[in-house]
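Some notes on the structure that comes next.
The structure presented is a predicted model; accordingly, all values stated were derived computationally and were not measured.
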Amino acid sequence: MTTTLPPAPDTAADTAATTTADVAGKARRIRRTAWAPGRTRPVVRFRSSRPDLLLCVGLLCVILLVQGWNITHFPTLSDDEGTYLAQAWAVQQGDGLAHYTYWYDHPPLGWIQIAFLTWIPSLIAPEAMTVATMRFAMLAVSAACAVLLYVLARRLFLPRWAAGLAMLLFGLSPLSVVLQREIFLDNIAVMWMLLAFCLAASPSRHLWHHFAAGLTAAIGVLTKETMLVVLPALLVTMWRHSHRDTRKFAVTGAITACALIGLSYPLFALLNNELFPGPGHVSLIDGITYQMSREGSGSIFDTGSGSHGVFRSWLYYDRVLPLGGLAGAALLLLTVRWSVTARALAGPSLAVAILAVVAMRPSGYLPAMYVIQALPFLALVLAGGTASVAHAVLRRPARRVSAAPDAVAEAAPERAHAAAVPQQPRPEDVPDALAPEAAPEAGQHARRTRLVRGARLTVAGALALAAAAYVVPRWYDGNRAALTVDANAPYRAAAAWMQNEVDDPASTRVLVDDALWLDLVHDGFEPGTGAIWFYKADLDPAVTKTMPRGWRDLDYVVSSPTVRRDAVDLPNVKSALEHSTPVAVFGEGEDRIEIRRIAGGDL
């Protein structure tokens, strides 16, 4: 039997064809991963990266456990939380955009989203529609924010460990644990803004991603209008991470989408004949004027100002994230000209800088929840600054273009292409094995390399241990109160007293802050005119006209810290407190809740 062999190949031709195909394939891969001319970056596909998914899910479980533990008991219920939830309840009931006349204090989209988040729990158990219980809805927002922050960190080319660090900083800081539990519009607005940044830094760089970034940014601004100051940082991120051939279209489309969606709010006011001031109705202009003319809380550098007190309250819970984040942003902004990581994080660094400048303005108003919108960017730049320092400690000179996130060389496009071409070693580069001095020199070089690498790893480990030794005890102390303290026992006791001791709630009129307003409504008090949000007894004509005798038409006032603090500027509320006697007191000191019966009431 004769076997026929194939003809001998043309070795030179096949080798050339193989080399050409390899070069073309590697060049295509370089083009796919290029984020700027002359630089190569790995494109991280989060959905198909099992290590990223496992790390993100594991960290998310830890964050949700810490934030969810003891969530109904700490921190103390606030009037702002009750207001947003009461307005969401009004939306669910079909009673309009608020439980009283909507007067354009904030865009209504924020509590419309809260109504969506709390719709199923309130449908199953209507009596559970209270502030403490509905805080669990904020865990879904916290989870989304944490995942989006991890995705954004990877899309901004941070290594996996740095992205995980950013996620932990954002989710486990005592400042985050306290504020992200509360039903604040800022938390929801941050979620939308993080989604906008993720779309702006999309590795696919499709035009619709950038249009969607503008759309989601507008939703964030309509959720909480203060997010407007972050938009320049979003544009910087989009500009740096978009394709240069379509950059102008991408940015123009994003700005157009954001503007069109944002203009829906004044259009809504115009269609309701409430854009401009006039007799007998509220107006958007009046709402803006009120917000702009609010008495400032002073400078944070003035030790006697309200802003300084707010700033100190942030540092009371955590110094690491606010101060470390500011330091990280400063480091990245100062090194943006020669640091690849700093350029990738230029947008978040700018966001931190803008938010810090706005907070430090001397005559502005600084609310306690303002820091919420800065938390993800502080965590991101702190992790980015840490990655830059780690790279500076661990890096070593390289002769070729590196594709690692923290070791990208400043190379021209032709160098990047040349790096993908298989190179034959030059004769002078091949060590002469027969030379007697070659082996000792090679051994000495290897030993020196090991020593240098060991020293660098030792320094990096020492820095990491020092950071952990500083952060862990302080975060443990800061989070211990959030996990163990019951700060809302007085509110629960006051709600139980009103439910059990008032015989005819339907005809009883009570001044109360919004933290307890929904509790009283569920107990049978008439919404709006029976259970009265205490501000409305002086500021809402629809309520004051039902009180021709002023405070004498009321039966009780529930004196909480918020009521006592703001009664100074509210004549009816002040008189109700002065002409009433306590019938029940829960708690002690400034945090006590007093149920006071009004002397001139109808009971």
Side-chain angles (χ1 to χ4, degrees), residues 77 79 82-83 85-90 92-96 98-101 122-123 125-134 488-564 566-567 570-587 592-603:
L77 304 180
D79 189 67
T83 299
L85 188 61
Q87 290 169 325
W89 172 85
Q92 291 176 348
Q93 300 296 313
D95 293 337
H99 54 320
Y100 289 94
T101 302
S122 66
L123 187 65
E127 69 283 355
M129 185 74 174
T130 58
V131 176
T133 306
M134 289 306 172
N488 293 320
Y491 274 98
R492 292 197 304 274
W497 193 96
M498 296 298 296
Q499 179 183 20
N500 298 324
E501 301 298 329
V502 177
D503 296 329
D504 187 13
S507 59
T508 302
R509 310 190 73 182
V510 185
L511 287 183
V512 67
D513 68 18
D514 259 352
L516 284 174
W517 191 85
L518 274 175
D519 292 82
L520 268 61
V521 169
H522 294 318
D523 292 338
F525 291 82
E526 186 67 24
T529 56
I532 303 174
W533 184 24
F534 72 101
Y535 288 109
K536 300 301 180 177
D538 284 282
L539 302 179
D540 192 339
V543 176
T544 56
K545 71 180 182 180
T546 68
M547 300 168 50
R549 298 188 300 157
W551 59 270
R552 294 178 179 84
D553 288 320
L554 304 173
D555 302 310
Y556 289 98
V557 55
V558 180
S559 175
S560 66
T562 303
V563 173
R564 292 191 294 271
D566 294 342
L570 303 170
N572 279 330
V573 179
K574 183 179 180 181
S575 297
L577 290 173
E578 292 173 347
H579 296 86
S580 61
T581 56
V583 294
V585 179
F586 306 101
R592 72 188 185 280
I593 306 293
E594 298 178 349
I595 299 178
R596 304 178 66 93
R597 182 172 179 174
I598 299 174
D602 292 335
L603 287 183

Criterion side chain to side chain contact (heavy atoms under 4.5 Å, CB included) against Phe534, the qualifying member of Val512, Asn572, Asp79: Asp79
Under 3.5 Å, is there a donor-acceptor pair between the side chain of [X] and the main chain of [Y]?
{"X": "His522", "Y": "Ala128", "result": "no"}
{"X": "Asp555", "Y": "Arg509", "result": "yes"}
{"X": "Trp517", "Y": "Ala531", "result": "yes"}
{"X": "Thr546", "Y": "Val543", "result": "yes"}
{"X": "Thr133", "Y": "Met129", "result": "no"}

How about [X] and [Y]: do any of their side-chain heavy atoms sit closer than 4.5 Å?
{"X": "Leu518", "Y": "Val131", "answer": "no"}
{"X": "Ser559", "Y": "Ile595", "answer": "no"}
{"X": "Val563", "Y": "Leu511", "answer": "no"}

Taking the six-membered ring for Trp, are Trp497 and Tyr556 parallel (under 30°), tilted (30 to 60°) or perpendicular (over 60°)? perpendicular
Arg564/Arg592 under side-chain contact (heavy atoms from CB on, under 4.5 Å): CA gap, chis, key distance, verdict: CA-CA 11 Å; Arg564 292 191 294 271; Arg592 72 188 185 280; 3.8 Å; yes
How close do Arg597 and Val583 get, heavy atom to heavy atom, and via which atoms? CB-CG1, 3.9 Å
Enclosure of Asn500 CG (heavy-atom neighbours >12, cutoff 6.0 Å): yes
Side chain to side chain donor-acceptor pair (under 3.5 Å) between Ser560 and Asp513, worked out: CA-CA 7 Å; Ser560 66; Asp513 68 18; 2.6 Å; yes
Using side chain to side chain donor-acceptor pair (under 3.5 Å) as the criterion, list what pairs up with Arg596, not counting sequence neighbours. Ser580, Glu594
